[in-house]
**Student:** 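There's a structure below that I have some questions on.
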Amino acid sequence: MSPATASTRDERRRLDRDIVALALPALGALIAEPAFLLVDTALVGHLGAAQLAGVGIGATVLQTAVGLLIFLAYGTTPAVARRLGAGDRPGAIRAGIDGIWLAIVAGAVLLLTVPLAHPLVALFGAAPDVTGHAATYLGISILGLPAMLVVLAATGLLRGLQDTRTPLVVAGAGFTANAALNVLLIYGLDLGVAGSAIGTVIAQWGMAAFFLWFAVREARRERVSLRPSLAAVGRVAGVGVWLLLRTLSLRVALIATTAVATRLGTDVLAATQVAFALFSTLAFALDALAIAGQAMLGKALGSGDAALARRITRRLVRWGLVSGCVLGGAMLALAWVVGGVFTSDPTVIGILPWALVPLALAQPLAGFVFVLDGVLIGAGDARYLAWTGIVNLGAYLPLLLLALLPAVPHGSAALAVVWLAFSIGYLGARALTLGLRARSDAWMVLGATR
């Protein structure tokens, strides 16, 4: 073996170790986040199809609000990592503090939306009992939004510092508390859907309290001021606008999917809720590689090493494809048996595989998409992600609307059309736009800031 070949192999092994060291803890933390929804879905699902469908609508609105502000984590991570790569740890901490202040402000504004809970869920046009459960779930859950946003921003700070272990520990503790509280409140105190929301809100505020303590401690160690800087917070918000637009396109796709499923009946909507809960779990699992990419790419570009950034990207793509194949195989094997975990309704259980099989087959494509999305976020290429998000929607929505054609029977056939459109049309469009960008050098901007 030549020295050059040995050196290349050693570097690949080192990059793989770095990816695993960041991605594995991130995987646990990310799975814990949708696991909150999985617990809610599983516990509420046994109350009835109407309750399950109601939580599905309420969770869609709630996750839209949080998803639109995901830049608090995804924008903070590369900003912190770039400064860390440039050797400026106090500056890295300052960038994280700015992100937390923005989260606090955004969370306070969102608290004002509690009276809008019922009007928002009513827009989906579900049956009255489903709408009532959705309004109850959403109205209470909004009280936890400020905590959720603080957790996002603080997690971005830690990831940028190349620490994904601490968020894992906190997420694990939060998940355990959420599960125990939900069992107690839903069944022990017979609070139903309201108990599910209350338990989750309590767990979220506990997680936020710890992260605030951690951020204050790190700031004091580096002698970084905790006072908000309007100019700095404004810059964070300015960068976040493009990520917000990128995320808005993703949420529009998910909302449109839920809206179409609502028009197809309560059973299709309930099955779609279960499918989305499972998709969220797999998506966050794949996103662990994207999180590693955000941290590693930000640090590499901050240190001015474009060649390293390219090598990291190639290794991450390979990891994404292999992970997608493994996860897709697991979902395919469980597609006909997993429904009973989430609901006792025989109709929902019967049609669920028509959503899960297309979703399972698309997981390798999803692995490619999530990894490259993380790479470009880590590089700060949010403007491109925002504009191509609109292009991706343009490719997806016409395919999704095919499920509403009179020629498509309601039930399993319509459900299959919805998820084929999502798996092939939407994920395929994202793979194309992300792949084309990654092949160029336009996204590689070096230095402590982009």
Side-chain angles (χ1 to χ4, degrees), residues 33 36-37 58-77 79-80 93-121 134-160 167 170-171 174 177-178 194 197-220 224-248 251 255 382:
E33 294 178 26
F36 277 62
L37 179 57
T60 297
V61 177
L62 187 69
Q63 289 177 327
T64 297
V66 176
L68 289 175
L69 295 169
I70 195 68
F71 70 82
L72 292 169
Y74 288 179
T76 302
T77 297
V80 173
I93 300 295
R94 178 70 257 178
I97 296 297
D98 294 336
I100 290 174
W101 273 113
L102 182 59
I104 292 172
V105 173
V109 172
L110 287 175
L111 284 177
L112 302 177
T113 65
V114 171
L116 300 178
H118 193 282
L120 285 172
V121 298
T136 298
Y137 183 82
L138 178 61
I140 296 171
S141 297
I142 288 174
L143 301 178
L145 281 177
M148 294 174 70
L149 300 186
V150 167
V151 168
L152 284 177
T155 299
L157 165 61
L158 285 158
R159 291 171 181 166
V170 178
N178 177 63
I198 293 170
T200 302
V201 167
I202 294 172
Q204 288 162 346
W205 276 106
M207 295 167 64
F210 173 83
F211 277 125
L212 287 172
W213 169 82
F214 179 90
V216 170
R217 186 192 70 176
E218 292 300 304
R220 287 176 175 172
V224 172
S225 173
L226 292 171
R227 294 179 180 178
S229 166
L230 294 180
V233 172
R235 285 194 298 271
V236 174
V239 172
V241 166
W242 290 110
L243 282 175
L244 186 150
L245 293 175
R246 164 259 181 196
T247 306
L248 178 60
R251 297 312 306 179
I255 290 173

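Source: prediction; values computed, not measured. Values below: all heavy atoms of this structure, side chains included; hydrogens, waters and symmetry mates excluded.
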**Student:** Looking only at heavy atoms, which two atoms of A153 and A103 are closest? And how far apart?
**Tutor:** CB-CB, 3.9 Å
**Student:** Which atom names give the shortest non-hydrogen contact between T136 and A194, and what distance separates them?
**Tutor:** CG2-CB, 3.8 Å
**Student:** State, with a plain yes or no, whether a side-chain heavy atom of V170 is found less than 4.5 Å away from one of F214.
**Tutor:**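 V170 vs F214: side chains apart.
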**Student:** Is a donor on one side and an acceptor on the other found under 3.5 Å between the side chain of R94 and the backbone of A219?
**Tutor:** no
**Student:** On a heavy-atom basis, which atom in L138 and which in G58 lie closest, and how many Å separate them?
**Tutor:**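 Scanning both residues, the minimum pair turns out to be CD1-O, 3.8 Å.
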**Student:** Which atom names give the shortest non-hydrogen contact between V80 and G96, and what distance separates them?
**Tutor:** CG2-N, 3.8 Å
**Student:** Considering only heavy atoms from C-beta outward, does the side chain of L62 approach that of L145 to under 4.5 Å?
**Tutor:** yes
**Student:** Looking at A147 and Q204, what are the two nearest heavy atoms and their distance?
**Tutor:** CB-O, 3.5 Å
**Student:** Could you grab the distance from atom CD1 of I198 to atom CG of N178, nearest 0.5 Å is fine?
**Tutor:** 12.0 Å
**Student:** Hey, could you give me the CD1/CG distance between I100 and L149, rounded to the nearest 0.5 Å?
**Tutor:** 12.0 Å
**Student:** How long is the gap from CG on L110 to CD1 on I142, to the nearest 0.5 Å?
**Tutor:**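 Separation between the atoms: 8.0 Å.
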**Student:** Looking at side-chain heavy atoms only, is the closest gap between L111 and P146 below 4.5 Å?
**Tutor:**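 The answer is yes, as the side chains (C-beta and beyond) meet within the 4.5 Å cut-off.
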**Student:** Please round to the nearest 0.5 Å and tell me the distance separating atom CH2 of W242 and atom CG of L245.
**Tutor:**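 CG of L245 is found 6.5 Å from CH2 of W242.
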**Student:** Please report the closest heavy-atom contact between A95 and T76, naming both atoms and the distance.
**Tutor:** O-CG2, 4.4 Å
**Student:** Rounded to the nearest 0.5 Å, what separation is found between the CZ atom of F211 and the CG atom of L158?
**Tutor:**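 Going from the CZ atom of F211 to the CG atom of L158 covers 6.0 Å.
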**Student:** Which of these passes side-chain contact (heavy atoms from CB on, under 4.5 Å) with V61: L116, I255, T113, L120?
**Tutor:**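 One option only clears the test, and that one is L120.
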**Student:** With a cut-off of 6.0 Å (strictly less than), are more than 12 heavy atoms of other residues, nucleotides or ligands near CZ of R227?
**Tutor:** no
**Student:** Output the distance between atom OG1 (T200) and atom CG (L143), rounded to the nearest 0.5 Å.
**Tutor:** 12.0 Å
**Student:** Do the non-hydrogen side-chain atoms of V216 and L212 ever get within less than 4.5 Å of each other?
**Tutor:**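 No. Closest side-chain heavy atoms not under 4.5 Å.
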